[in-house]
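Okay, structure first, notes after.
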Amino acid sequence: MLDIQLLRTDLDRITQQLAARNFQFPVERFNQLELERKKIQTHTEELQAKRNATSKQIGIAKSKGEDVSGILAEVANLGDELKQSAINLEQIQSALQGILLEVPNLPHDSVPEGASEENNQEIRRWGEIQAFDFEIKDHVSIGEGIGMLDFEAAVKLSGSRFTLMKNGLARLHRALAQFMLDTHVQENGYIEVYTPYLVNRNSLQGTGQLPKFEEDLFVVHAGGNKNPEESEHQDGFYLIPTAEVPITNIVREEIVPMKALPLKFVAHTPCFRSEAGSYGRDTRGLIRQHQFDKVELVHIVHPDESYTALEELIGNAEKILQKLKLPYRVITLCTGDMGFSAAKTYDIEVWLPSQNTYREISSCSNCEAFQARRMQARFRNEKGKPELLHTLNGSGLAVGRTLVAILENFQNADGSVSIPDVLQPYMNGLDRLQIAGGK
RNA sequence: GGAGGUGUGGCCGAGUGGUUUAAGGCAGCAGUCUUGAAAACUGCCGUAGGGGUGACUCUACCGUGAGUUCGAAUCUCACCGCCUCCGCCA
């Protein structure tokens, strides 16, 4: 959420910056609501002041034993007028709030301008792309070839965009998550957290998924409840689309002591996305699933430190790929390609031989105070005043897509897959996945 | 699911209808004293928003939301959280 003061004082510049993100700010509606708000708020508060003063007089008069019927008559219909005015004010405030909640973050000055992903800037590459002297397969053929990846079973159990892993591949998936967690905790100084996978509306509003992106989420309510709207949790629960939501919301409505900063959290969780609107995209394989695992990194920092923290964050994510010896590149997303809450985003893309291209495996963003303002997440500054924090999040990494990259980059001519050195301790020393009993 | 208790500022805690502007304490900040520190003393000390060029001024907020009332931290109702016990459960 943007600072409404900023919109009141510098609307032209803000509108322009938002246009660079392909967002059209409703200038006229905003101005009109503001005008009305000012009028009605003043009116309401005048009525309240009058009521307060009169009530006090009544109290004083009564304590002196005087007759108060005159004063009472005077304010006979004040209550109704005040009530109506308060309702009007409430409506306008929530209309303004509604606008604010759907406005994306402002891009940082260093973000390249552009309308689409074609304007993203590559900033570095790492690793050598391996040349294969045999005909390569994609991860689906490899996984099915060794009998460890079963999409048919997953369709039976759930439907499309789900998968079933078996045997060594299931274990490799677990090994990857463990390896990532261990690296971030032991080498990068993160605090490991275990979070709820079902969260409430407020949490999703705090990080920016709601109210605008409801269709991307899965909603759940208790079984047997025929009228979820009338249940205790009126809005039901939402399955988390990323651990960013529960982790970042740890500081919602909190005032964190400055000494505690920076807070660096890591969690391994499943993520659930409806993938509405992506019909037909990445329908084959593990790339785009309704359920996938991810190791997520979150930094909660002092505003002066957030861009240093962003570099640290992306470095932490890159380290995982380097240890796995997977080639990748880092790009800066342009203004038109950034997510709703981000002021600046780096994506890491890993090399996928079967697609002969780099594919997103991590996204690291500085949200500055955008989420903190929605969450009222603050710290106490040098002067003892509460001030909004800055929040950052990044994947470190998407486990499923990392698995895809390993299958494809480490495939052998005989259909087996070599296991990266750093994962072998997590695999009881196993150094390759191959078909049971086969060579 | 059943029974009982409970929710007040950064923290503890008083407050059962009217000068409450929420007592008092702790923590914090400034000062006096001191070589320095501690102690003692004095003062300051919540958040958000509105109006005004400004000194200033007004409003809201006592878990959340409705209600009663001229007036609600206080009374009523619903919901949420926490605590204790019982039942169930991994």
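In what follows, chains are A, B, ... by sequence order, proteins preceding strands, each numbered from 1.
Residue Lys56(A) places at least one side-chain N or O closer than 4.0 Å to OP1 or OP2 of U21(B). Using a 4.0 Å cut-off, some side-chain N or O of Asn52(A) falls inside it from OP1 or OP2 of A60(B).
The CE atom of Met258(A) sits 12 Å away from the P atom of C29(B) (whole-angstrom rounding). Taking atom CD1 of Ile255(A) as the reference point, atom P of C45(B) lies 18 Å away to the nearest angstrom. Taking atom CD of Glu90(A) as the reference point, atom C1' of U59(B) lies 15 Å away to the nearest angstrom. One atom, CG of Asn200(A), and another, C1' of G81(B), lie 12 Å apart when rounded to the nearest Å. Between Ile58(A) atom CD1 and A72(B) atom P there is a gap of 11 Å when expressed in whole angstrom units. Glu387(A) places its CD atom 17 Å from the P atom of G10(B), with the value rounded to the nearest Å. Here G46(B) presents its C1' atom at 14 Å from CG of Asn381(A), a figure rounded to the nearest Å.
Remark: A55(B) base-pairs with no nucleotide in the shown strands. Criterion, Watson-Crick or G-U wobble with two distances under 3.5 Å. Nucleotide A30(B) forms a pair with U42(B), judged by Watson-Crick or G-U wobble geometry with both contacts under 3.5 Å. Within the shown strands, nothing qualifies as a pairing partner of G71(B) under the Watson-Crick or G-U definition with both distances less than 3.5 Å. Applying the Watson-Crick and G-U wobble criteria (two distances, each under 3.5 Å), C85(B) pairs with G2(B). When both pairing distances are held under 3.5 Å, A78(B) makes a Watson-Crick or G-U pair with U64(B).
For the C1' atom pair drawn from A55(B) and A48(B), the interatomic distance equals 23 Å after rounding to whole Å. Nucleotides U57(B) and G43(B) place their C1' atoms 24 Å apart, quoted to the nearest Å. Across the C1' atoms, G13(B) and C26(B) are found 10 Å apart, a figure rounded to whole Å. Separating the C1' atom of U76(B) from that of U16(B) is a span of 14 Å, rounded to the nearest Å. Using C1' as the reference atom, U21(B) and A73(B) are 15 Å apart when rounded to the nearest Å. The P atoms of G2(B) and C79(B) are separated by 11 Å, rounded to the nearest whole Å. Separation of the P atoms belonging to U32(B) and A22(B) is 30 Å when rounded to the nearest angstrom. Comparing the P positions of G52(B) and A40(B) gives an interatomic distance of 48 Å, to the nearest angstrom.
Residues satisfying the side chain to side chain contact (heavy atoms under 4.5 Å, CB included) criterion with Asp138(A), sequence neighbours excluded, are Val140(A), Ser141(A), Arg284(A), Ser354(A), Glu408(A). Residues satisfying the side chain to side chain contact (heavy atoms under 4.5 Å, CB included) test with Leu430(A), not counting sequence neighbours, are Ile419(A), Met427(A), Leu433(A).
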| said: Checking His184(A) against Phe265(A) for the ring-ring contact (aromatic ring centres under 6.0 Å, His included) test, could you report, in this order, the C-alpha distance in whole Å, the side-chain angles of both residues, the deciding distance, and whether it holds? | reply: CA-CA 9 Å; His184(A) 292 308; Phe265(A) 295 116; over 10 Å; no
| query | Taking it one step at a time, do Glu192(A) and Leu181(A) satisfy side-chain contact (heavy atoms from CB on, under 4.5 Å)? | reply | CA-CA 8 Å; Glu192(A) 180 172 350; Leu181(A) 272 177; 3.7 Å; yes
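Using a 4.0 Å heavy-atom distance criterion, Ile60(A) is classed as making no nucleic acid contact.
Considering all non-hydrogen atoms of both residues, Pro104(A) and Leu18(A) come closest at O-CD2, 3.5 Å.
Here Glu311(A) contributes atom CD and Ile314(A) contributes atom CD1; the two are 8.0 Å apart, rounded to the nearest 0.5 Å.
Remark: side-chain polar atoms of Arg21(A) are paired, donor with acceptor, to backbone N or O of Met338(A) under 3.5 angstrom.
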Every protein N/O lying under 3.5 Å from an N/O of nucleotides 63-67 of chain B:
none

Name the pairs: protein N/O against N/O of nucleotides 47-53 of chain B, kept only if under 3.5 Å.
from	atom 1	to	atom 2	distance (Å)
U47(B)	O3'	Arg378(A)	NH1	3.4
G49(B)	O2'	Gln41(A)	NE2	3.1
G49(B)	N2	Glu45(A)	OE1	3.4
G50(B)	OP1	Arg8(A)	NH1	2.0
G50(B)	OP1	Arg8(A)	NH2	3.2
G50(B)	OP2	Gln5(A)	NE2	3.4
G50(B)	O4'	Gln41(A)	NE2	3.0
G50(B)	O3'	Arg37(A)	NH2	3.4

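Ring geometry for His290(A) against Phe162(A) counts as tilted: the plane angle lies between 30° and 60°, on a 0 to 90° scale.
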Which donor-acceptor pairs under 3.5 Å do side chains of residues 169-179 of chain A form with protein atoms, sequence neighbours excluded?
none

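For the side chain to side chain donor-acceptor pair (under 3.5 Å) condition, no pair includes a residue of residues 89-99 of chain A, sequence neighbours left out.
Positionally, the nearest nucleotide of RNA chain B for Gly59(A) lies more toward the 5' end than for the other of Gln48(A) and Gly59(A).
For Phe340(A) and Phe370(A), the gap between ring centers is short of 6.0 Å.
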